[in-house]
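Take a look at the structure set out below.
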Number of protein chains: 2
Amino acid sequence: MVRAPQQRRLETRAKLLAVAADIIASEGIGNLRVEDVVQRAGVAKGTLFSHFKDKDGLLAILVGAQVMQYLDDMDALGAPSSIDSLLNRIEPLLNYIAADRVIFDLLLRYSGSISDHSDEVITAGFYRQIELWANWVAVLQAQGHVRNNHPPALLAEGVQAFMNQVLALRFCQKTPADVPAMSALRPFVMAWLAP
Amino acid sequence: MVRAPQQRRLETRAKLLAVAADIIASEGIGNLRVEDVVQRAGVAKGTLFSHFKDKDGLLAILVGAQVMQYLDDMDALGAPSSIDSLLNRIEPLLNYIAADRVIFDLLLRYSGSISDHSDEVITAGFYRQIELWANWVAVLQAQGHVRNNHPPALLAEGVQAFMNQVLALRFCQKTPADVPAMSALRPFVMAWLAP
DNA sequence: TTGCAAATTTGACCGCGGTCACTAAATAAT
DNA sequence: ATTATTTAGTGACCGCGGTCAAATTTGCAA
């Protein structure tokens, strides 16, 4: 028999997430240390790991929520009217991930949280993104703006592949940033989606 | 003034690489520990880090050499005669990377070795791969087997993007392996290259 | 041969993520 | 009310990658 978590536990979890978000906002996600989180939250180290599988599990909750926010924003704008318009819709999310390679790695590797609800935020966001883009592609196909000799899901996944490719290349070079990530992405998506 | 490395240093480096390769062969690349390497090589821990930037730097040398070997093999076979033939040429490398996510991460993140020759094996292999594939694509374009409304380099990079996408997805699911990586890759490459 | 400077190696030490046997608190059973 | 049982939290401890001032070895020149 599983028992509902006590309020104390929910408060502890919320406190940990709040503190972590705070540290990330001020120090950057790459400078977040578990010891800092637990110290500022006023709990022991072991407590954190009873709430989250590991450090990445914690980060995934926060990053996943942010990604979901971007997806909400995309969703609210409705289907794009062209490939260029689609790229514009994607841009905020692209820039968010491009801002820090820790985020990129997290999204690519995700190790999962420990929660009973199995709320693997990253995975959920991933599928939602593909679904959303696939819908857009379907609309654009109907309008003749995207080639329709392949299923929307395949094309949507392809867009994600190019996004990851562009980001990975960007994080490989030592010179931080020369051109916006978007201009590297555009030619690929154009060649992939154009009729 | 830079001086050529002494014999002793070359031997130490070779010994470290040999021991590391040995451990990887018997224990797997994910179970390699720095302490084991230096102990079995008969040197102190600090020595390893004076030869390689970090643990990944060491691994990159070995993995990079392996990748180069696959590229040599590809090269020796000459240009493929069709998209399917191209996929067959790629398959060994794909399977090598698919075998262990440590290898995949390494190739995607590479942090670099410390050597003066700046022999960033991974980076070199990366460019060589794109160049090789671009040549193939150009040949296939000339034969009408691949669409020729885009530069070969773009198409080659796209193939790599799809390869990474398929691998990333594969490493995300908990169920180890259902179908060969190749069958996941084929539809993307077909849709990407077909005229 | 001797002395010096550069090159190479050393290993004690550190930071940080993660574990686990134990204590404390909350809830259920008597 | 008292005891038993489950849930939450604790912090000393560990593993392992990585650092650095000091020690050692090597090459070269006087």
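Chain letters run A, B, ... following the sequence lines, proteins first, then strands; residues in each count from 1.
Dashed line: the shortest gap from a side-chain N or O of A:Arg3 to OP1 or OP2 of D:dT6 is not under 4.0 Å.
When rounded to the nearest whole Å, the span between CD of A:Glu35 and C1' of C:dG18 equals 11 Å. One interatomic measurement links the two molecules: CG of A:Leu48 to C1' of D:dG9, which rounds to 12 Å at whole-angstrom precision. We find that NE2 of B:His51 is positioned 8 Å from C1' of C:dT9, with the value rounded to whole Å. Between the CZ atom of B:Arg33 and the C1' atom of D:dG15 there is a distance of 9 Å, rounded to whole Å. Residue B:Arg9 contributes atom CZ, which lies 5 Å from atom P of C:dT8 at whole-angstrom precision. C:dT9 atom P lies 10 Å from atom CD of B:Glu11, rounded to whole Å.
Applying side chain to side chain contact (heavy atoms under 4.5 Å, CB included) to A:Phe52 and the options A:Val34, A:Leu59, A:Ile61, A:Thr47 leaves one that passes, A:Ile61.
Residue contacts shown for B:Leu10 are absent, as no nucleic acid heavy atom lies under 4.0 Å away. Looking at heavy-atom distances under 4.0 Å, B:Lys55 makes contact with sugar-phosphate atoms alone, never a base.
Heavy-atom distances to DNA chain C give each of A:Val34 and A:Gly46 a nearest nucleotide, and the one nearer the 5′ end belongs to A:Val34. If A:Thr12 and B:Arg8 are placed on DNA chain D by their nearest nucleotide, the residue sitting closer to the 5' end is A:Thr12.
Residue A:Gln6 has its side chain nearest to C:dT27 when only C:dT27, D:dG18, C:dG18 are considered.
Under a 4.0 Å N-O distance rule, the pair B:Asp36/B:Arg40 does not qualify as a salt bridge.
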